[in-house]
Amino acid sequence: MKKRSFMLLASLMLVLSVFLAACNGDDSADGGKDKDKGKDKGKDNEKTEQGSGENAADIDFPLSVSNDAEAMEDGEMTVAMVAGEPFEGTLNRNFYSGTYDAEILSFFDEGLLDTDGDYLITNEGAATYELSEDNKTLTLKIKDGVKWHDGEPVKTSDLLYSYQLLGHPDYAGNRYDFMIENVVGMPEYHEGKTKEISGIEIIDDQEMKFTFTEATPSILSGFWSYATPRHHVGDIMTGETTIKDLESSDKIRVNPIGFGPYKIDKIVPGESVLYSRNDDYWRGKPALKSIVQKVVSPATIVESIKKGDVDIATIPADQYETVKDVDNIELLAQVDYAYTYIGFKQGKWDAAKKENVTDPDAKMASKELRQAMWYAMDNATIGEKLYHGLRFPATSLIIPVFESFHDKSVEGRMFDPEKAKQLLDDAGFEDKDGDGFREDQNGEKLVINFASMSGGETAEPIAKAYMQNWADIGLKVELVDGRLHDFNAFYDMVENDDPKIDIYQGAWGTGSDPDPSGLYGRTASFNYTRYTSEKNDELLKAGTSEKAFDLEYRKDIYNQWQELMYEDVPVAPTVYRYALEAANKRVVNYSIEPGTESDRYKWGVAE
């Protein structure tokens, strides 16, 4: 079954705590608590010029709750999963792709290696690492006392198992990316030529070595350290189960285990999860006795937090006006590791070759058409009026949070309908029959089919606003099936290259590695537009090469890549976002500050 199955994000995949996932159609996606650790986002706050309009948000939000009381003994907490639809429930790091599943995973599972505020792996996690002088061999040692929820020790063979799953010829998920393929012997294993991955050496139950084909800075920010409990889920290597059966198994959908601070007691599919304290958690005894995580509609989340029904919740930006004066909560916010975009379908995924194939005859093949549609979108007004300044126009596909790699000289395409019209005129898109809409370059009727997600009060107004923007420059754009689609149905269509879709509105959580190959590479299944080019291949490869250990070299490569994306427009980034959260004033030790993800076990409630 197909997995999105989210997106918080690829390659982002990433990495340690990485995670690439598809965001949903409203603001509930990717609350900061589920994000990777990052740099000081307070700096970003200072640099963005948002919140200036009437009724705009005050962007000077705190990152941590102010209640400094002691956590009560055996406290209980309720956390909202703000969603307009049920969560999918693919609760395994190797297979999930939706933000809701990522939220659940963060409570009971974690990577063996921790990361610091610069997204780099550290020795503060459940394992330590040492990189060889030539940067090609990583030795990993699991610390004593790290146990799965069933009491079995976490072994090196469990991390090996994750790589055996991700590289398996039958693996249909989205995480076979550069960092996985870069392990020596992985391509041969992936092609079914061998059952051994020569670049992974098990020394004993706690120590192992990874040898990489290329020395790359992505090793330090994109190394996959999520182990899989082989003894619990079943072994594909012995024929005990298959990839297909594993993905749909109760072992990852009904009773999954991890070695995180909380363990799952009960899942009501699509609705809620009950967690209990993991008394054997390797960092120490968690403060809370139990946590309930339940789906709450974006339409009712404010009422729920007013009543005290939930303690922590992401808040859709369109609910800001109704939540800002609620007196029993504190609002926290930070610039999110995510962006929204319009994707232009230009080809299909070749499952046999496991790569994207661009169709030069696709309806959206004209880059002038794509450029014009970007110029036509009034993202500033949408961010200001519909999101109260909590959204602001995006310029590039490398987000500002990556301060060293976000190219500020790329200004994006700000709202300019006259320039859009000129581009279309020059490219041969003209209204031949006088009906007010342009025909294509061959004089044929041009109707562009647009897919967008439901969710939140702004989803439909935004879709209609863009359609009006495009109509104003003479482009006829219609909603696929005449309506918005829920999260799961939307991504099923997008992932499967449904021929009904010409363009779509999506969002990505980016994870902690600036390498964009997991979302835009030729072999990236997350590359939903199916855009490819030799120049794109060249730049993405250079960005993770050994030479890229030189920061200035890597910056130059990614600046070139951002300029290429600006010119070719496989997707048009629309808005960056602030992630807004509400915490009941009884909550203690809760923070969305970068680097605090591992403090989840300290969360508590006061008397």
Side-chain angles (χ1 to χ4, degrees), residues 1-9 20-31 34 80-91 95-105 174 247-248 253 267-273 293-302 304 313-319 338-343 345 386-387 449-467 477-509 526 528 574-575 577:
M1 119 176 245
K2 251 351 206 130
K3 24 286 106 265
R4 151 193 16 9
S5 315
F6 176 84
M7 14 129 216
L8 281 169
L9 302 319
L20 268 199
C23 301
N24 60 2
D26 56 42
D27 287 348
S28 63
D30 311 328
D34 288 318
M81 178 185 293
V82 183
E85 57 279 324
F87 59 81
E88 183 175 299
T90 303
L91 303 179
F95 298 108
Y96 90 96
S97 60
T99 186
Y100 306 130
D101 289 351
E103 290 185 32
I104 298 170
L105 281 160
N174 298 312
E247 194 174 356
S248 59
R253 291 179 172 272
I267 296 176
V268 178
E271 298 181 9
S272 65
V273 183
Q293 187 177 29
K294 63 181 182 181
V295 172
V296 181
S297 163
T300 62
I301 186 57
V302 174
S304 292
T314 55
I315 300 297
D318 57 19
Q319 299 289 319
Y339 60 88
T340 307
Y341 67 93
I342 297 295
K345 282 288 190 180
L386 296 181
Y387 288 123
N449 299 301
F450 176 36
S452 192
M453 280 177 280
S454 57
E457 296 179 358
T458 58
E460 185 169 355
I462 289 175
K464 288 183 176 179
Y466 285 146
M467 292 169 67
V477 179
E478 298 180 346
L479 283 175
V480 171
D481 300 327
R483 59 182 172 82
L484 304 182
H485 294 78
D486 70 34
F487 178 77
N488 291 319
F490 171 84
Y491 275 104
D492 278 343
M493 290 195 297
V494 171
E495 289 177 350
N496 291 313
D497 300 325
D498 191 313
K500 292 186 294 186
I501 298 177
D502 300 314
I503 66 174
Y504 63 95
Q505 180 179 218
W508 282 120
F526 274 136
Y528 293 147
T574 55
V575 291
R577 56 177 64 187

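Atom set for the values below is all heavy atoms of this structure, side chains included, hydrogens, waters and symmetry mates excluded. What you see is a predicted model, and the numbers here were worked out from it, not measured in a lab.
- A 4.5 Å side-chain heavy-atom check between L479 and M467 finds at least one atom pair inside the cut-off.
- Here the closest heavy-atom approach between residue P316 and residue I301 is recorded as CD-CG2, 3.9 Å.
- For an aromatic pair to be called close, the ring centres must be under 6.0 Å apart, and Y504 with Y341 satisfies this.
- Of the possible polar contacts, none joining the D101 side chain to the L91 backbone as a donor-acceptor pair under 3.5 Å is found.
- In this structure, T574 OG1 and I462 CD1 are separated by 8.0 Å, a value rounded to the nearest 0.5 Å.
- Under the 3.5 Å distance criterion, the side-chain polar atoms of D481 are left unmatched by any main-chain donor or acceptor of R483.
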Side chain to side chain contact (heavy atoms under 4.5 Å, CB included), that's the test. Do Y491 and M453 meet it? Break it down for me.
CA-CA 9 Å; Y491 275 104; M453 280 177 280; 3.8 Å; yes
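- In this structure, Q505 and S452 approach most closely via the heavy-atom pair NE2-OG, 3.0 Å.
- The two residues V82 and T314 come nearest to each other via the heavy atoms CG2-O, 3.2 Å.
- For the atom pair CZ of R577 and OG1 of T340, the computed distance is 4.0 Å after rounding to the nearest 0.5 Å.
- Heavy-atom minimum distance, N449 versus K500: CB-O, 3.0 Å.
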Chi angles and distances behind the side chain to side chain contact (heavy atoms under 4.5 Å, CB included) call for M81, I104
CA-CA 9 Å; M81 178 185 293; I104 298 170; 3.5 Å; yes
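- At a threshold of 4.5 Å between non-hydrogen side-chain atoms, the residues W508 and Y528 count as touching.
- Side chains of S248 and R253: no donor on one and acceptor on the other come within 3.5 Å.
- In this structure, the ring of F487 has its center less than 6.0 angstrom from the ring center of Y100.
- The side-chain heavy atoms of Y339 and V575, taken from C-beta on, include no pair separated by under 4.5 Å.
- With a 4.5 Å cut-off on side-chain heavy atoms, V480 and F450 do not count as touching.
- The two atoms that bring I503 and I501 nearest to each other are O-CG2, 3.3 Å, heavy atoms only.
- Annotation for A80 and E103: closest pair O-OE1, 4.3 Å, computed over non-hydrogen atoms.
- The main-chain N or O of V494 is never found under 3.5 Å from a side-chain atom of D498 such that the two would form a donor-acceptor pair.
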